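All chains are named by letter (A, B, ...) in the order of the sequence lines, taking the proteins before the strands, and each is independently numbered beginning at 1. We use all heavy atoms of the structure for the numbers below, so side chains are in, but hydrogens, waters and symmetry mates are not. All figures in this text were calculated on a predicted structure; none of them were measured in a lab.
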2 protein chains.
Amino acid sequence: MGEERRPTLEMVARRAGVGRGTVSRVINGSSRVSPDTREAVRAAIAELGYVPNRAARALVTRRTDTVALVVSEPEARLFDQPFFAGIVRGVSAVLTDRGLQLLLATARTGGDHERLGDYLSGGHVDGVLLVSLHTDDPLPDRLAGAGVPVVLGGRPLYPPRHPVHYVDIDNVGGAASATRRLIGAGRRRIATVAGPADMAAGQDRLRGHREALAEAGLPDPPELTVHGDFSHEGGARAMRELLEAAPDLDAVFAASDDMALGVLRTLREAGRRVPEDVALVGYDDTAAAAHTDPPLTTVHQPTERMGGEMARLLADTAIAEGPDAKPQAVVLDTRLVVRASG
Amino acid sequence: MGEERRPTLEMVARRAGVGRGTVSRVINGSSRVSPDTREAVRAAIAELGYVPNRAARALVTRRTDTVALVVSEPEARLFDQPFFAGIVRGVSAVLTDRGLQLLLATARTGGDHERLGDYLSGGHVDGVLLVSLHTDDPLPDRLAGAGVPVVLGGRPLYPPRHPVHYVDIDNVGGAASATRRLIGAGRRRIATVAGPADMAAGQDRLRGHREALAEAGLPDPPELTVHGDFSHEGGARAMRELLEAAPDLDAVFAASDDMALGVLRTLREAGRRVPEDVALVGYDDTAAAAHTDPPLTTVHQPTERMGGEMARLLADTAIAEGPDAKPQAVVLDTRLVVRASG
DNA sequence: CCCCTGTATGGGAGCGCTCCCACGCCGGGG
DNA sequence: CCCCGGCGTGGGAGCGCTCCCATACAGGGG
């Protein structure tokens with residue numbers, strides 16, 4: 001019944017005995033306002049509990065102070081991966097500092113995806129953070145083409161028709177460090193359970209593994225590479241294949257901890273001891289990795305920093321400097337976490 | 001330089017040879033518009049690629065079509081728990097269907113928390129979904145008091161001064177089913193590694209455990225209850241305490257899978273076989289639970305459904321019916337997933 | 001044949017804000 | 001002593017939309 005109406009800038013102005021323009025100036029901190037006036041306005045704002053209306057501001061400034069974090073299907077399924085959790089935390093922290101809002105968008109079906117593209121290019125957000133792990137996602141190019149400020153999480157897709165900013169974690173280097181560790185431990189028949197071939201992370205980790213092998217002058221026969229789907233079960237399956245094709249292997253680099261867990265199980269079932277018979281290194285440094293038996297040596301990724309850098313790059317460069325800004329690439333280093341498995 | 005301007009409703013009206021009001025009517029699907037006119041407007045919209053300006057609409061309707069999902073500190077830390085992942089998925093799906101946006105808000109420090117409260121009660125969102133696991137969080141009461149539509153995830157805090165809608169998962173029942181399972185397997189000295197006493201989930205699961213014990217006429221001596229912090233390490237520590245205080249226990253109900261993992265490790269280190277010597281049941285049905293050795297019997301929670309119900313309740317009741325709506329409570333059932341551990 | 005009703009439509013008003021131009025007042029130079 | 005420049009300020013205009021009143025027209029009953 002009361003239909004309370006929130007105080008407006010105009011009410012603040014009247015209460016402080018000044019004009020609307022002055023109140024606006026105080027709120028936006030800009031321009032010169034005499035100290036006395038400023039103080040009077042501040043007091044009026046406090047007394048009234050005034051909060052600026054974002055919609056009205058957005059209408060005239062054409063900025064929404066909102067950025068979207070888009071997680072494409074099927075990555076949404078992977079939401080529970082610590083990878084995304086870290087990114088969300090990092091993004092959220094930086095955006096809060098910048099006074100920006102975080103809109104979380106997940107697209108499920110194809111139709112959703114289409115509509116999401118319309119929505120995001122419709123000017124409802126100031127910029128888009130896109131975590132798209134698959135190389136065939138059309139969204140980044142589409143948004144970049146529409147002039148929407150975009151920052152990618154992960155290496156950009158094959159042919160970046162529209163150059164975009166991105167933040168990546170050095171998958172090649174991380175994988176290489178894992179495999180180098182195995183080489184340094186004297187292993188010579190080193191297999192890998194790689195990730196899916198259509199994900200940049202999968203490709204890059206496989207490449208890093210191979211580079212480390214080549215660097216040490218070790219052969220890289222095809223039977224020592226099997227692809228998994230980053231899941232526990234996929235890792236177990238891949239390991240069974242490996243054991244069949246190359247029973248004499250003495251080490252495994254798994255491109256994800258989840259897969260490493262599956263590998264570990266299969267090895268145990270096959271009676272191979274870890275690390276005595278087969279050394280194992282994973283990737284991701286998930287919570288579980290610290291508690292396996294034996295504890296898993298793995299590659300830690302700075303996911304929270306990645307999210308933070310993405311948000312920073314979007315706010316300070318992509319949005320601030322506009323579409324003419326020189327595309328920037330930030331690549332973050334990984335850290336090898338040595339435990340008992342390899 | 002081009003400073004492209006997006007088409008406005010007015011431009012659509014001119015192009016279709018109609019008035020603004022008519023275009024608005026077509027867009028909002030309401031009122032009566034003749035089929036011909038409607039078609040002409042539709043065509044003009046398509047040709048121009050017109051997308052309504054949300055800010056302008058929000059300014060006049062006083063609705064933002066945005067709801068916030070708030071995850072209070074320190075739960076943000078728990079973001080990687082599948083619990084939150086499921087909720088986000090469920091919420092997101094329902095909101096998309098309703099044409100609502102999802103604003104993700106996390107508050108870190110106390111100051112943030114304060115500002116967040118201001119923000120959320122400032123009319124920038126149509127409603128708030130609040131996942132607050134600690135019983136002393138002041139936010140729900142504050143928002144409800146400010147007349148902001150709120151739906152809680154989890155049982156409301158102690159004295160709900162302002163009655164609120166909530167969606168909970170039946171922690172009491174879930175825990176009871178876990179303990180009943182142990183009783184049914186013939187166990188008599190059943191310990192529990194409970195959750196923190198200041199979290200509703202912790203309290204409720206302990207209560208369920210006790211009810212099951214009482215129901216079977218089993219004693220519930222104090223040495224068989226130890227509190228953990230829901231973490232792996234906390235579970236391991238708690239189990240060591242239990243082993244010392246009650247070496248003759250023959251079963252353990254752990255109030256989270258993470259803790260169950262720690263329990264499992266401690267039991268193995270102590271030379272107890274699971275489930276032969278000590279049966280174990282966890283809670284959460286995390287991905288890891290299926291792959292432990294032995295696989296963990298645990299309680300599955302419908303997290304995605306919980307998120308969906310929260311969003312539905314917010315959109316269809318809390319927002320639609322306003323503050324006078326009768327507070328609703330939805331309690332979702334759990335499901336016992338029987339594996340080998342207990 | 002006219003009036004009344006109802007349906008389809010046009011367009012003014014105004015949401016709360018920022019932008020920007022104009023105005024008043026001050027002090028210093030001519 | 002007057003004029004000019006600049007700082008501090010007030011307030012009109014207008015962002016793009018929805019709301020709602022007014023208008024126009026078509027029919028049916030008196």
Side-chain angles (χ1 to χ4, degrees), chain A residues 3-45 48-66 99 101 119 122-126, chain B residues 3-45 48-66 99 101 119 122-126:
Chain A
E3 262 314 314
E4 288 290 333
R5 200 88 134 202
R6 296 171 42 217
T8 69
L9 179 143
E10 168 118 43
M11 295 166 64
V12 173
R14 268 206 300 274
R15 175 148 195 144
V18 300
R20 296 192 332 276
T22 303
V23 177
S24 180
R25 264 165 236 136
V26 170
I27 290 171
N28 296 299
S30 61
S31 306
R32 335 192 32 55
V33 176
S34 79
D36 297 3
T37 311
R38 181 183 307 276
E39 215 33 64
V41 171
R42 288 239 172 90
I45 288 177
L48 262 43
Y50 169 73
V51 181
N53 180 321
R54 283 207 175 224
R57 179 184 309 200
L59 184 56
V60 39
T61 60
R62 294 164 197 297
R63 302 198 3 132
T64 57
D65 289 336
T66 301
Q101 316 222 42
Y119 179 80
H124 296 307
V125 295
D126 292 345
Chain B
E3 263 314 315
E4 288 290 334
R5 199 88 134 205
R6 295 171 43 216
T8 69
L9 181 144
E10 168 118 44
M11 295 166 63
V12 173
R14 268 207 299 273
R15 174 146 195 146
V18 302
R20 295 192 333 275
T22 303
V23 177
S24 180
R25 264 165 236 136
V26 170
I27 292 172
N28 296 300
S30 60
S31 308
R32 340 193 28 59
V33 177
S34 80
D36 298 2
T37 311
R38 181 183 307 276
E39 216 31 65
V41 171
R42 288 240 173 90
I45 289 177
L48 263 41
Y50 169 73
V51 181
N53 181 320
R54 283 206 176 225
R57 181 186 310 210
L59 184 56
V60 40
T61 60
R62 291 162 200 299
R63 304 199 0 133
T64 57
D65 289 335
T66 301
Q101 317 223 41
Y119 180 80
H124 297 307
V125 295
D126 292 345

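- Here the shortest heavy-atom pairing between B:Pro7 and B:Leu48 reads CG-O, 3.5 Å.
- Side-chain N or O atoms of B:Arg38 include none that pairs as donor or acceptor with a backbone N or O of B:Val26 at under 3.5 Å.
- The side chain of B:Leu9 sits closest to D:dT18 out of D:dT18, D:dG8, C:dG16.
- Note on A:Arg54: nothing from the nucleic acid sits closer than 4.0 angstrom, heavy atoms only.
- In this model, the phosphate group of C:dT9 is approached by a side-chain N or O of B:Thr37 to a distance below 4.0 Å at OP1 or OP2.
- B:Pro52 and B:Ile27 get closest at one heavy-atom pair: CG-CG2, 4.3 Å.
- The interatomic distance linking A:Leu59 (CG) with C:dG16 (P) rounds to 12 Å, in whole Å.
- With hydrogens and angles ignored, the 3.5 Å screen pairs a side-chain donor or acceptor of A:Thr61 with a backbone N or O of A:Arg57.
- For D:dT18, the OP1/OP2 oxygens have a side-chain nitrogen or oxygen of B:Ser24 closer than 4.0 Å.
- Residue B:Gln101 holds its CD atom at 4.0 Å from CZ of B:Arg54, rounded to the nearest 0.5 Å.
- Residue A:Arg32 places no side-chain N or O under 4.0 Å from the OP1 or OP2 atom of D:dC7.
- At a threshold of 4.0 angstrom between heavy atoms, the contacts of B:Gly123 with the nucleic acid are absent.
- Under 4.0 angstrom from either OP1 or OP2 of C:dT9 there lies no side-chain N or O belonging to B:Thr22.
- Separating the OH atom of A:Tyr50 from the P atom of C:dG16 is a distance of 10 Å, rounded to the nearest angstrom.
- Remark: the B:Arg25 side chain and the C:dG10 base include a donor-acceptor N/O pair separated by less than 3.5 Å.
- Distance, A:Asp36 CG to C:dC25 P: 18 Å, rounded to whole Å.
- Taking atom CZ of A:Arg57 as the reference point, atom P of D:dG14 lies 22 Å away to the nearest angstrom.
- In this structure, A:Ser34 reaches the D:dT9 phosphate: one of its side-chain N or O atoms is under 4.0 Å from OP1 or OP2.
- B:Arg62 has its CZ atom 11 Å from the C1' atom of D:dT18, to the nearest Å.
- Looking only at distances, no side-chain donor or acceptor of A:Arg6 sits under 3.5 Å from a matching main-chain atom of A:Tyr50.
- Atoms OG1 and CZ, on B:Thr22 and B:Arg25 in that order, are 4.5 Å from each other to the nearest 0.5 Å.
- Each end of the helix from C:dC1-D:dG30 to C:dG30-D:dC1 gets its own axis from five base pairs, and the two axes differ in direction by 70°, given to 10 degrees.
- In this structure, B:Glu10 atom CD and D:dC19 atom C1' are separated by 16 Å, rounded to whole Å.
- Checking the phosphate oxygens (OP1, OP2) of D:dC15, no side-chain nitrogen or oxygen of B:Asn53 falls inside 4.0 Å.
- Atoms CG and CG, on B:Asp126 and B:Asp65 in that order, are 6.0 Å from each other to the nearest 0.5 Å.
- Between B:Arg14 atom CZ and D:dG16 atom P there is a gap of 11 Å when expressed in whole angstrom units.
- Atom C1' of nucleotide C:dG16 and atom CE of A:Met11 are separated by 12 Å, given to the nearest angstrom.
- Side-chain N/O atoms of A:Arg20 include none lying less than 4.0 angstrom from OP1 or OP2 on D:dG12.
- Of the candidates D:dG10, C:dG10, C:dG16, C:dG16 carries the atom nearest the A:Ala56 side chain, counting heavy atoms from C-beta on.
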